[in-house]
Amino acid sequence: MSVIGRDEIMFYLNGGNDEELYSSADRVRECSFGREVYLRAIVEFSNVCIKRCRYCGLRAPNTNVTRYRLDADTIVEAAGFAAEAGARTIVLQSGDDLGYSALQIADIVRRIKAEHDVAVTLSLGDRSVAEYEHWFHCGADRCLLKLETTDSGIYEHIRNGEKLQDRLELLRAMQEIGYEVGSGIIIGLPGYSIEQLAEDLIFLTGLELDMIAAGPFVPHPQTPFADASAGDIDISYRFTALARLLNSQANIPATSALDSFDGDGRANGLLRGCNVIMPSVTPSSNRRDYNIYPGKNSVSVDETDSIFYAEELIRSLNFVPSASKGSSRRTHYV
């Protein structure tokens, strides 16, 4: 397959020929990345969030969550454990938590970069452009800013009145600053359709992202979407396979949400075009409380074991855990 039009996207999203789609996605991944799979170790350093997103277990009105904030030393230590275990990218992730100042985040980034030869990715939500620019100059390399949907009406509904355009403006500002930028969607949100997923895929491709993520919707019992239907894992696999065909150089993770549906979910994702997995290295005492959806961080192992198990998964599929930082092929062409 070379150029894929909207009709072909619809054909494959509807299950027209899964075998052809997955084998094509695997060939494109192989051509772009060989047998290497990148590890992105996530430090989920705070589950405090000021947002009221209807789909997320960390939403501010959820009083059943045991909230936590890790101090700077604990964050840097967790990043160090991951780096020493072989991770070449550290993802600093939190809810939209303004309890950490711009200077505190900057100091954490500087310390990690000074102590370890790693890339640092920020996944901190709607902070200001000025803050993100400051963190970039302090050494942050990448930024994740999920859209969850590219339909403005669905976006406004799931994010409790927020505007998609505001999020897009922030994403584009991240690209202009010089970050490698990742984004993505949730498959199967209330109100979605296959037609909308096709539009999502075309829109995301047009953004020329360095990373594209998609995983199935998992209803959280402590949210307004508790009784909504779950996403379809097969459609999720098809979406990421198509994303690979349309974005041959993008990093595409096999998300943890896949394992909530299928014990082999991430493995299947890697066999169908994905080239990244993102194990949590959040301290085990806090990991279960980063519960954005049921099944997230359900296996409690220590930080280094998370990396070990991820590497074992990669090797079991005859792939190779990459020793590189996995910089964007779009940007660096290496």
Side-chain angles (χ1 to χ4, degrees), residues 1-2 4 12 15 17-42 82-91 118-119 121 182 184 187 210-216 233-281 295 297-299 301-330 332-334:
M1 275 182 255
S2 51
I4 303 175
Y12 288 113
N17 192 331
D18 284 345
E19 183 178 356
E20 179 182 63
L21 172 62
Y22 297 149
S23 63
S24 296
D26 189 52
R27 284 196 300 272
V28 172
R29 177 209 50 74
E30 179 88 19
C31 182
S32 296
F33 301 97
R35 304 304 294 173
E36 286 191 310
V37 173
Y38 300 138
L39 285 169
R40 315 294 206 209
I42 306 179
E84 289 165 11
R88 310 313 301 157
T89 295
I90 306 299
V91 182
V118 294
T121 300
I187 305 293
D210 301 292
M211 188 276 277
I212 298 174
I233 192 170
D234 290 316
I235 295 175
S236 185
Y237 289 138
R238 293 167 191 153
F239 188 97
T240 51
L242 285 162
R244 169 57 66 214
L245 297 181
L246 289 166
N247 302 268
S248 63
Q249 301 297 310
N251 287 311
I252 301 178
T255 66
S256 58
L258 295 172
D259 281 350
S260 296
F261 287 76
D262 177 355
D264 294 323
R266 287 190 295 176
N268 286 329
L270 291 174
L271 294 170
R272 296 168 179 178
C274 297
N275 70 306
V276 175
I277 56 174
M278 304 176 71
S280 172
V281 294
N297 292 340
S298 60
V299 178
V301 296
D302 69 27
E303 295 91 322
T304 53
D305 281 346
S306 290
I307 303 296
F308 172 79
Y309 289 135
E311 290 180 336
E312 286 297 293
L313 170 62
I314 293 167
R315 292 190 183 98
S316 74
L317 301 171
N318 200 31
F319 292 124
V320 178
S322 178
S324 80
K325 297 175 186 176
S327 297
S328 172
R329 301 297 178 95
R330 287 186 186 274
H332 300 280
Y333 301 102
V334 294

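As the structure is a computational prediction, the values presented were derived from the model and not from experiment.
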Within this structure, what is the CZ-CG distance for the pair F308 and L313, rounded to the nearest 0.5 Å?
12.0 Å
Could you check if a side-chain atom of V37 sits within less than 4.5 angstrom of a side-chain atom of L270, using non-hydrogen atoms only?
yes
When you compare the side chain of L21 with that of R238, does any pair of heavy atoms fall below 4.5 Å?
yes
Enter the distance from L317:CG to R315:CZ here, rounded to the nearest 0.5 Å.
12.0 Å
Counting only N and O atoms by type, is there a donor-acceptor contact under 3.5 Å from the side chain of N247 to the main-chain atoms of A250?
no
Do other residues, nucleotides or ligands put more than 12 heavy atoms under 6.0 Å from the CD atom of E312?
yes
Residues which pass side chain to side chain contact (heavy atoms under 4.5 Å, CB included) with T121, listed by chain and number, not counting sequence neighbours:
T89, V91, R142, L144
Would you say the side-chain atoms of R244 pair up with the backbone N or O of D26, donor to acceptor, closer than 3.5 Å?
no
Distance check, rounded to the nearest 0.5 Å: Y38 atom OH versus I252 atom CD1?
12.5 Å
Minimum heavy-atom separation for I90 to A83, with atom names?
CD1-N, 4.4 Å
To the nearest 0.5 Å, atom OH of Y12 lies from atom CD1 of I4 at 7.0 Å
Atom of S32, atom of S248 and distance for their closest heavy-atom approach:
OG-O, 2.9 Å
Looking only at heavy atoms, the pair that brings A243 and I212 closest together is CB-CG2, 4.4 Å
Could you measure the distance from the CZ atom of F319 to the CG atom of L271? Nearest 0.5 Å is fine.
5.0 Å
To check you understand the geometry: which heavy-atom pair defines the closest contact between F261 and P216, and what is its length?
CE1-CG, 3.4 Å
Contacts of type side chain to side chain donor-acceptor pair (under 3.5 Å), residue S322, not counting sequence neighbours:
E36, S324
For residues V281 and S306, report the shortest heavy-atom separation together with the two atoms involved.
CG1-CB, 4.4 Å
What I'd like to find out is whether the side chain of Q249 reaches to under 4.5 Å of the side chain of S328, using heavy atoms alone.
no
Would you check, one step at a time, whether the test side chain to side chain contact (heavy atoms under 4.5 Å, CB included) holds for N268 with L258?
CA-CA 9 Å; N268 286 329; L258 295 172; over 6 Å; no
I277 and L39: side chain to side chain contact (heavy atoms under 4.5 Å, CB included), yes or no, with the steps?
CA-CA 5 Å; I277 56 174; L39 285 169; 3.8 Å; yes
On a heavy-atom basis, the closest approach of A214 and T240 is O-CG2, 3.8 Å
Using a strict cut-off of less than 4.0 Å between a Lys/Arg side-chain nitrogen and an Asp/Glu carboxylate oxygen, indicate whether E30 and R27 qualify as a salt bridge.
no
Say whether N251 and N275, considering side chains only, have a donor N or O and an acceptor N or O under 3.5 Å apart.
yes
R266: salt bridge (Lys or Arg N to Asp or Glu O under 4.0 Å) partners, not counting sequence neighbours:
D259
Do R40 and K325 have side chains that get closer than 4.5 Å, going by heavy atoms?
no
Return the CG to CD1 distance between D234 and I187, rounded to the nearest 0.5 Å.
12.0 Å
